[in-house]
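Each chain gets a letter, A, B and so on, in the order the sequences are listed, and its residues count up from 1.
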Amino acid sequence: MSISTKYNPKEVEKKWYDSWMQRGFFHSEPNPNKEPYTIVIPPPNVTGVLHMGHMLNNTIQDVLIRRARMQGKEACWVPGTDHASIATEAKVVAMLKEKGINKSDLTREEFLKYAWEWKEKYGGIILEQLKKLGASCDWDRTRFTMEDDLSAAVIEVFVDLYRKGQIYRGVRMVNWDPQGQTALSDEEVIPKDTMAKMYHLNYEVVADGAAEPTYITVATSRPETIMADVAVAVNPNDERYKHLHGKSVRIPLLGKEIPVILDEYVTIEFGTGALKVTPAHDLNDYELGQKHKLPTIDILNNDGTLNELAQLYVGQDRFAARRNIVKDLQEAGLLVKIEEYASVLQTSERTGAVIEPRLSMQWFCKMDKMAQPALEAVMNDEIRLHPPKFKNMYRSWMENVRDWCVSRQLWWGQRIPAYYLPDGSFVVATSDEEALKLARKESGNEQLQMEDLRQDEDVLDTWFSSWLWPISVFDGFKDPDNKDILYYYPTNDLVTAPEILFFWVARMIMAGFEFRNEMPFKNVYLTGIVRDAQGRKMSKSLGNSPDPLDLIDQYGADGVRAGMLFSSPAGNDLLFDEKLVEQGRNFSNKIWNAFRLIKGWEVDESLSFPNETAVKWFDSRFNEAFVQIEDHFSKFRISDALLSVYKLVWDDFCSNYLEMIKPAYQQPIDKQTIDHTIAFLEKVLKVLHPFMPFITEEIWHDLKERKDKEYLIVSAWPKKEKFDKAIIEKMENVLNVVGSIRNVRNSKNIPNSKQLDLYIKVMKQESYEPFLGIIRKLANLNELQFVEESIDGAISFIVAGDEFFIPMEGNIDVEAERERLQKELEYTKGFLISVDKKLSNERFVSGAPEAVIANERKKKADAEAKINAIEQSLASL
RNA sequence: GGGGUGUUAGCUCAGCUGGUUCAGAGCACCUGCCUUACAAGCAGGGGGUCACUGGUUCGAAUCCAGUACGCCCCA
């Protein structure tokens, strides 16, 4: 035989991927005769490289899309990339720095030129990597969130929302990243648990005639912000501070006088019960300040250094300033003590810098109105989240949704289409021309020129383009009634990570209802995070993330795909272990060898058909498993679906069916058996194909001559068929018999090659007759006959109430055998007692359903028969 | 602090409407096999008080309450 004993994925994968591409199997066009099935890819960052998370996510999407394609649906998987403004800009800035260029020395246009060059050169590698995985995306439809049409959609949406009053400009407390020098959305801020210090500072109470100065002690974690203090707040019910109501205090070092205000917001027990109010640098203080109509003093520059308003430590970084002021306070005797306490530090997801709550002028998008339909759609299961446990999280987020800060102080992205007039007012427009027209109209100044207008410097948050993705990839903004969007939208399934449920998924749902009055997708499958075997997140610094392409190289794409899916139920983190991928590869090999076996048989047409029972059984078994597989798919239990296929292939098809029909060495096989077997293998390949596309396509073609477009990838998915439950159950018993015989061999050290005899004492001989050949073959038997009486001097066992005897030619260990039987007898007796107890319970008999009672009766009868049989065997020993 | 969610074999997890799918799977482990499809394999096997406590029920891994521990989200 010339076929390799090991499956070799390398050339196979390339060959079939190219072949699929050439024949256009991935490409989709609207087809009114077919049901559409659509997935839009969560666009990876254009700067990204494939990591394990992508592997899992895209394998699942590919499984779904391939199955749909085989089901005869018009399957369309739209790929693309995201411009990822912060991440990409950071990479370009770093690249320029290496060349000795500072971003601040460049104009916006110069910088963008570099950025585009960089994107053209390094961007989109990830899409090429996805091809190695076997992703059957419609590459003709590849989109990029910053390409012209998609940017135009973003601008159009911005203008539209602005005109609807949904977008506004305002001073707000934002999360400021002093390193990236941009505002961040709440979702881009990562809280980190740390130990922080609480400084207790003395504020002098403004002289009220007392000879000695008196103080109030204020606790703060940020002493460097005291120069921005505008008040000290205490709880009006706090007895300790009653004497200070209506008084003022002096800021330490600065000496500035500020009022003591009263508010029940202050927790009496926390710190000293006295709170310094610094509206410019803390969200809660800001709200307190608003309430009490206090001024705000912002003492920080964009880069986190102190400005002139601070008066002290001007120009120093906030952390340096903190060290210095603590020292000075100490020297001035105003620092009472320092306490350690556990606190949460807000950091930037991108740069890791400590976030500065800061007042700044930003653009916001109102969320509350848009959140309504988006919330309802999920709560009433119009859009289903898998697993549904995420519904609660989704609801609590949507019910407490806050306005979305959409502006970013960056250059890489869609520039905010607001144009400022010389008088400081502004207009919002989709183009320069329109802006000028509007500006002239609104200012009444027809002399205004384009040069008089200044466009906002900021760009929009990346998510402001990705929330439109399911619509914009089909040009639903440019041309709202085009045939693609009408056909493919709403899409079917979205596969993504739970950490972007709010960033992205929720906003896409909002955009769907806002701009098309329709949900963007019907199902959201939430994957878990891929972690290492110890449960740690995969990260570059830990070096615990394998390179996916190396894995593919080593184990084959099919092996990796199967390995990823073996243990990743929806919503659960995947603890990745290379063992899983190894298992996937071994599975490939198993399938390969099954194919080799079948391919190697000579057919002799003159032979009769000896395998009717085996064929009938596997046919039923396949259909039984198939119903299960379909059920798993319908509930998005992808791992379970794969495991069902795995067991069907390995246990049922290979270990059992093929062993049953396998002719003796170098003997030919009959025509009927081989035909059935090939048909079975084809069906098995079909259900396997979504998971392991390459090896299945390879075998499909090696098995038979195929016509030009007769590919597995576009073959028809099996249909659910009726199956014979009785033959499956009977075979289970038969395989138990075989297993018991093998067990006897094992425990008695009887080699496989030595034939044994078997005597069967059963109630219904005819029920066993069709299976005798199978038992003989799988257990390697010589004599095989039915008997009426128990056989002396034999090892016996019982399966489903029937007795089986293997004569042992006298070398039977009577004591051991007696002990074994005695043990089994005791167990069965105990079992009978428990069943009897149940059945004699009046309330059980009257309360339980008929089927359950019947079952208990059957258990009782079986147990009694078994006890009887064991006792006889014991007697005959 | 509020909310969510989980705890089942050494590990990762199934277990759906309470009862034959009820204590399961895969991996790991142990024993024996180089049996001409496959040692990346074959055959067999040992592992669990279903976190704890109580309740509901004829019957609880499954429903309810509390406790402990873990994780997630929000403040």
Side-chain angles (χ1 to χ4, degrees), chain A residues 1 3-7 186-187 191 267 283-284 344 387 389-397 399-400 402 498-499 501-502 528-529 531 533-535 555-556 559 563 566-569 571-577 579-580 582-601 628 631-632 635 637 639-640 642-644 646-647 650-651 654-655 658-659 662 664-666 729 732 738-754 778-780 834 837-849 851-856 858-859 862:
Chain A
M1 180 174 304
I3 315 170
S4 158
T5 160
K6 297 231 185 331
Y7 169 62
D186 293 340
E187 291 78 9
T267 311
L283 181 59
N284 295 315
V344 179
K389 68 176 177 185
F390 288 105
K391 264 169 84 170
N392 281 324
M393 254 170 70
Y394 181 86
R395 184 180 58 201
S396 64
W397 192 78
E399 283 174 349
N400 301 299
R402 286 200 269 164
E499 61 240 58
L501 188 57
F502 310 127
I529 298 167
R531 298 172 178 278
Q534 284 114 59
Y555 298 99
F566 274 133
S567 178
S568 47
N572 273 32
D573 287 356
L574 164 65
L575 268 62
F576 181 81
D577 191 327
K579 281 237 159 69
L580 289 169
E582 206 173 293
Q583 194 188 343
R585 179 211 45 192
N586 293 355
F587 187 35
S588 302
N589 208 40
K590 185 72 187 177
I591 299 159
W592 183 247
N593 278 297
F595 156 70
R596 280 179 59 227
L597 176 67
I598 294 168
K599 187 72 183 171
W601 285 328
Q628 221 178 69
D631 184 52
H632 286 319
K635 290 166 183 152
R637 296 185 191 142
S639 285
D640 290 332
L642 172 60
L643 218 53
S644 293
Y646 180 83
K647 282 191 257 187
W650 202 303
D651 299 342
C654 294
S655 295
L658 288 179
E659 292 300 331
K662 188 158 96 178
Y665 180 54
Q666 289 194 332
E729 277 167 15
E732 248 162 54
V738 172
S740 300
I741 299 167
R742 286 170 174 170
N743 193 3
V744 169
R745 277 187 193 280
N746 245 304
S747 57
K748 304 282 173 219
N749 272 322
I750 304 167
N752 247 334
S753 49
K754 184 173 190 291
L778 296 192
N780 191 22
S834 80
K837 216 165 125 194
K838 239 186 211 181
L839 280 169
S840 59
N841 182 336
E842 187 54 41
R843 299 184 30 199
F844 170 72
V845 179
S846 58
V852 174
I853 296 169
N855 222 321
E856 291 302 316
K858 185 169 177 294
K859 278 188 196 167
D862 286 352

Run A:W601 and A:K662 through side chain to side chain contact (heavy atoms under 4.5 Å, CB included) and show every step you take. CA-CA 9 Å; A:W601 285 328; A:K662 188 158 96 178; 4.1 Å; yes
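A:T5 comes within 4.0 angstrom of sugar-phosphate atoms only, judged by non-hydrogen atoms across all strands, and of no base. At a threshold of 4.0 angstrom between heavy atoms, the contacts of A:N752 include nucleobase atoms, whether or not backbone atoms are also involved.
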In B/S/- notation, 5' to 3', how is nucleotides 15-29 of chain B contacted by protein heavy atoms closer than 4.0 Å? -B--BB----SSS--
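If you measure from atom CH2 of A:W397 to atom C1' of B:G4, you get 17 Å, rounded to the nearest angstrom. The nearest whole Å value for the distance from the CG atom in A:L575 to the P atom in B:C71 is 14 Å. Following rounding to the nearest Å, A:W592 (CH2) and B:G41 (C1') show an atom-to-atom distance of 17 Å. Atom-to-atom, CG of A:N743 to P of B:C30 comes out at 19 Å; the value is rounded to the nearest Å. If you measure from atom CG of A:N746 to atom C1' of B:G44, you get 4 Å, rounded to the nearest angstrom. Computed from coordinates, the A:F502 CZ to B:C74 P distance equals 7 Å when rounded to whole Å. Rounded to whole Å, atom C1' of B:U5 lies 10 Å from atom CZ of A:F390. Note: CG (A:L642) to C1' (B:C13) measures 14 Å, nearest angstrom.
For A:W397 and A:Y394, the distance between ring centers is not under 6.0 angstrom. Side-chain rings of A:F566 and A:Y646 approach one another, their centers coming within less than 6.0 Å.
Residue A:M393 places its side chain closer to B:C72 than to any other of B:A40, B:C72, B:A43. Distance from the side chain of A:W650 is smallest to B:G41 among B:G41, B:A37, B:A40. Distance from the side chain of A:R596 is smallest for B:A37 among the nucleotides B:A37, B:C73, B:A43. Distance from the side chain of A:R402 is smallest for B:A75 among the nucleotides B:A75, B:A40, B:C73.
Note that CG of A:N752 and CZ of A:R742 are 7.5 Å apart. Values are rounded to the nearest 0.5 Å. Atom CG of A:N749 and atom NZ of A:K754 lie 12.5 Å apart (nearest 0.5 Å). Note that CD of A:E582 is 9.0 Å distant from CG of A:D577, once rounded to the nearest 0.5 Å. In this structure, the separation between CG on A:N746 and CD1 on A:I741 is 13.0 Å, given to the nearest 0.5 Å. One distance of note links CD1 of A:I598 with CG of A:L658; it measures 5.0 Å at 0.5 Å rounding. Of the inter-residue distances, the one linking A:K635 atom NZ with A:D631 atom CG reads 3.5 Å to the nearest 0.5 angstrom.
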The dot-bracket string of RNA chain B, counting Watson-Crick and G-U wobble pairs with both distances under 3.5 Å, using [ ] for crossing pairs and | for pairs to another strand, is (((((((..((((.....[....)))).(((((.......))))).....(((((..]....)))))))))))).
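Comparing the P positions of B:A60 and B:A51 gives an interatomic distance of 15 Å, to the nearest angstrom. Separation of the C1' atoms belonging to B:G19 and B:G26 is 27 Å when rounded to the nearest angstrom. Distance noted for atom C1' between B:U17 and B:G4: 24 Å (whole Å). Annotation: B:G3 and B:U12 have their C1' atoms spaced 28 Å apart (nearest Å). Look at the C1' atom in both B:G48 and B:G32: the space between them is 26 Å, to the nearest Å. Across B:A14 and B:U7, the matching P atoms stand 8 Å from one another, rounded to whole Å. The gap from the C1' atom of B:C29 to that of B:U35 amounts to 25 Å, rounded to the nearest Å. B:C72 and B:A25 have their P atoms separated by 31 Å, with the value rounded to a whole Å.
Anti is the glycosidic conformation of B:G32, whose angle departs from 0 by more than 90°. Glycosidic conformation at B:U12 (O4'-C1'-N9-C4 for purines, O4'-C1'-N1-C2 for pyrimidines): anti, more than 90° from 0.
Comparing A:F587 and A:L658 against RNA chain B, the residue whose closest nucleotide sits nearer the 5' end is A:L658. When each of A:F595 and A:E499 is assigned the nucleotide of RNA chain B with its nearest heavy atom, A:F595 is the one assigned upstream, toward the 5' end.
A parallel orientation is assigned to the rings of A:W650 and A:F587, their planes being inclined by less than 30° (bins at 30° and 60°).
Counting atom types as modelled, A:E659 pairs a side-chain N or O with a base atom of B:A37 as donor and acceptor under 3.5 Å.
Taking A:R745 as the reference, nothing meets the side-chain hydrogen bond (donor to acceptor under 3.5 Å, both in side chains) condition, with sequence neighbours excluded.
Dashed line: the shortest gap from a side-chain N or O of A:R742 to OP1 or OP2 of B:G44 is under 4.0 Å. A sub-4.0 Å separation between OP1 or OP2 of B:C38 and a side-chain N or O of A:N586 is absent. Note on A:K590: every side-chain N or O is 4.0 Å or more away from OP1 and OP2 of B:A40.
A:N743 places no side-chain N or O within donor-acceptor distance of the main-chain N or O of A:G739, the cut-off being under 3.5 Å.
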